[in-house]
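To keep things clear, I will list the structure first and then write my remarks on it.
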Amino acid sequence: MTSRHFPLWRKSSRILVTCPKGIASYLKSEIELLGFPIELEREAAIVTEGTLGDTLRLNLSLRTGHRVLYLMAEGEAGGPDDLYRWLHGLAWENVLHEDGYLCVTSTVDHPSIRDTRFANQKCKDAIVDRLQKTCGRRPDSGPARDRAVVHLFWKGQRVQIYLDTSGEPLSRRGYRKIPVKAPMQETLAAAIVLATGWSGKGAFVNPMCGSGTIAIEAALIALNRAPGLLRSNFGFRHLKGFPAAAWKELRKKAQEKSVRHFPGQIIATDMDRRAIAATEQNAANASVQNWIHLAVCDYSETDIPPEGGIVVMNPPYGERLGNVQKLERTYAGLGSFLKTSCSGYRGFIFTGNVELAKNVGLKTRRRMIFFNSGIECRLLEYELYEGTYRDWKTASKQEGTNGPRS
């Protein structure tokens, strides 16, 4: 069957796109560039509008979004029984395959619910009972989010039911098969790269690269390659009326928009051979291995091209107390490296420890707030100049520029 048999695919409704805290502004820009209206910006989400068919393009294109939730219906429920009756009254036979699989997730704030698993169960029961009644069969259900996913939002009397068209979060691009210790989420890495202003020109240098997530996301951005091209499975594929031909055409157009070359270069280094091996494999999985130059070395020995560009480092945060004193010296070394080896570059340090960052010893131009697994972090930008700061400041005034901002 095609989507023409299912008006829901053509019905315009609210679309909620979630993201990690701190990167909603980047997600907003992405959604605007795709031509969608912005109805509301929240701390960790953007609300836009479109059809269920529009969610295919959002899932394919967004680098900083986590879940693309399409509002199917909204109503009121005073308690669990009301919730069941309301959900049972929806035409699930037009949305879900009766012989398929269903996962229910939820966000619940209601006095009658102490455990969201109870709300999930009520929601699931209402849906599968409706399908049993109308179709004579009921789908299997469970926690796996690799097929049809329904999201329940219930706060006070207000109830909203969403179709999670992403299924697995969009951060799971599929290329990171070999993570190293404390890997950075792909959506956060993409937001960091976008915050630096990288577009494929000049050099993008990533010492302390770990499993290579930042470098890989930088390559995908430079190549204008849609991140959704790396995945074959999304939640929308498991809904009735999935427009397979339209999805194939969207992927084809996205592939045509990607480029094979960009004028800059990407360099990723790490002193841990296992990290470089992981980066090499992950880059190959993402089909960007030819655009990332790898080396096993200490950050201070990283080869810095003379043409200028961007340097991004993600040092340890010092979660364990015994590491703090050692890391103070590390952060001081990062400052010396940026000052002595990266003149003419824009330097960035991503850290979850602002106290340690004081040891860098360089004046910050910008301080951007991000969150990494609940840890409030900063992306600190340093304008790197030749000679002393006073000489650079004087030259900047003579040229009519403002110099670095604190």
Side-chain angles (χ1 to χ4, degrees), residues 3 6-21 23-75 87 90-92 94-96 102-108 123 127 145 147-155 158-173 187 190-191 194 226-229 231 233-244 246-247 249-251 253-254:
S3 60
F6 296 89
L8 182 66
W9 284 89
R10 302 190 301 274
K11 176 186 174 184
S12 184
S13 184
R14 191 176 308 133
I15 298 174
L16 178 69
V17 186
T18 67
C19 64
K21 287 172 63 178
I23 69 173
S25 61
Y26 302 98
L27 176 60
K28 176 185 175 183
S29 296
E30 285 197 275
I31 292 173
E32 286 178 324
L33 284 172
L34 290 172
F36 289 87
I38 303 298
E39 293 190 356
L40 184 65
E41 179 179 348
R42 298 178 180 171
E43 184 180 35
I46 296 294
V47 179
T48 184
E49 186 176 345
T51 66
L52 185 57
D54 286 330
T55 67
L56 275 62
R57 190 155 59 97
L58 291 168
N59 278 286
L60 178 65
S61 306
L62 293 177
R63 302 182 189 280
T64 59
H66 260 190
R67 304 169 70 187
V68 179
L69 305 173
Y70 174 85
L71 181 63
M72 177 180 165
E74 54 187 335
L87 288 168
L90 300 179
W92 293 103
N94 293 336
V95 182
L96 300 176
L102 170 67
C103 173
V104 176
T105 62
S106 67
T107 303
V108 179
C123 181
I127 295 171
R145 291 167 59 175
R147 282 158 283 181
V149 181
V150 169
H151 183 74
L152 167 69
F153 176 87
W154 186 13
K155 184 174 184 179
R158 183 187 181 198
V159 182
Q160 295 176 318
I161 197 75
Y162 291 90
L163 300 176
D164 186 343
T165 64
S166 303
E168 294 283 358
L170 296 180
S171 58
R172 299 180 185 176
R173 311 271 202 249
T187 43
L194 291 172
L229 290 172
R231 278 176 50 162
N233 189 36
F234 295 86
F236 58 73
R237 294 180 63 96
H238 304 277
L239 302 176
K240 279 190 174 179
F242 162 61
W247 174 238
E249 183 64 21
L250 276 174
R251 285 180 56 88
K253 288 182 178 179

> Any side-chain hydrogen bond (donor to acceptor under 3.5 Å, both in side chains) pairs touching residues 26-46, not counting sequence neighbours?
Replying inline: Glu30-Thr64
> In chain order, what residues pass the side-chain contact (heavy atoms from CB on, under 4.5 Å) check against Arg158, with sequence neighbours excluded?
Replying inline: Arg14, Glu74, Phe153, Gln160
> Parallel under 30°, tilted from 30 to 60°, perpendicular over 60°: which one fits the rings of Phe236 and Trp247?
Replying inline: perpendicular
> Can you find a pair of side-chain heavy atoms, one from Val95 and one from Leu8, that are under 4.5 Å apart?
Replying inline: yes
>> Can you list everything that forms a side-chain contact (heavy atoms from CB on, under 4.5 Å) with Ala73? Sequence neighbours excluded, please.
In response: Trp86, Leu90, Ile161
>> Can you list everything that forms a salt bridge (charged side-chain N to carboxylate O under 4.0 Å, His left out) with Arg67? Sequence neighbours excluded, please.
In response: Asp164
>> To the nearest 0.5 Å, what is the distance between CZ on Arg147 and CG on Asn233?
In response: 9.0 Å
Name the atoms and distances for all side-chain donor-acceptor pairs under 3.5 Å in residues 52-62, with sequence neighbours left out.
residue: Asp54; atom: OD2; partner: Thr51; partner atom: N; Å: 2.9
residue: Asp54; atom: OD2; partner: Thr51; partner atom: OG1; Å: 3.3
residue: Thr55; atom: OG1; partner: Leu52; partner atom: O; Å: 2.6
residue: Arg57; atom: NH1; partner: Leu34; partner atom: O; Å: 2.8
residue: Arg57; atom: NH2; partner: Leu34; partner atom: O; Å: 3.3
residue: Asn59; atom: OD1; partner: Ser166; partner atom: OG; Å: 2.6
residue: Asn59; atom: ND2; partner: Thr55; partner atom: O; Å: 2.7
residue: Asn59; atom: ND2; partner: Thr165; partner atom: OG1; Å: 3.0
residue: Ser61; atom: OG; partner: Arg57; partner atom: O; Å: 2.9

> Residues two or more places apart in sequence or in another chain: which of them pass side-chain contact (heavy atoms from CB on, under 4.5 Å) with His66?
Replying inline: Thr18, Pro20, Ser171, Gln185, Thr187
> Could you state the interatomic distance from SG (Cys123) to CG (Leu152), rounded to the nearest 0.5 Å?
Replying inline: 5.0 Å
> Residues in side chain to side chain donor-acceptor pair (under 3.5 Å) with Tyr70, at least two apart?
Replying inline: none
>> Just verifying a value: how many Å separate Cys19 SG and Leu170 CG, rounded to the nearest 0.5 Å?
In response: 11.0 Å
> Taking only residues two or more places apart in sequence, or in another chain, which ones meet Trp92 in a ring pair (Phe, Tyr, Trp, His ring centres under 6.0 Å)?
Replying inline: none
>> Could you work out, with side chain to side chain donor-acceptor pair (under 3.5 Å) as the rule, every residue matching Glu49, not counting sequence neighbours?
In response: Ser12
>> Among residues at least two apart in sequence or on other chains, which ones pass salt bridge (charged side-chain N to carboxylate O under 4.0 Å, His left out) with Arg172?
In response: Glu168
>> Among residues at least two apart in sequence or on other chains, which ones pass side chain to side chain donor-acceptor pair (under 3.5 Å) with Thr107?
In response: His151
> How would you list, by chain and number, every residue that makes a side-chain contact (heavy atoms from CB on, under 4.5 Å) with Ala44, sequence neighbours excluded?
Replying inline: Lys21
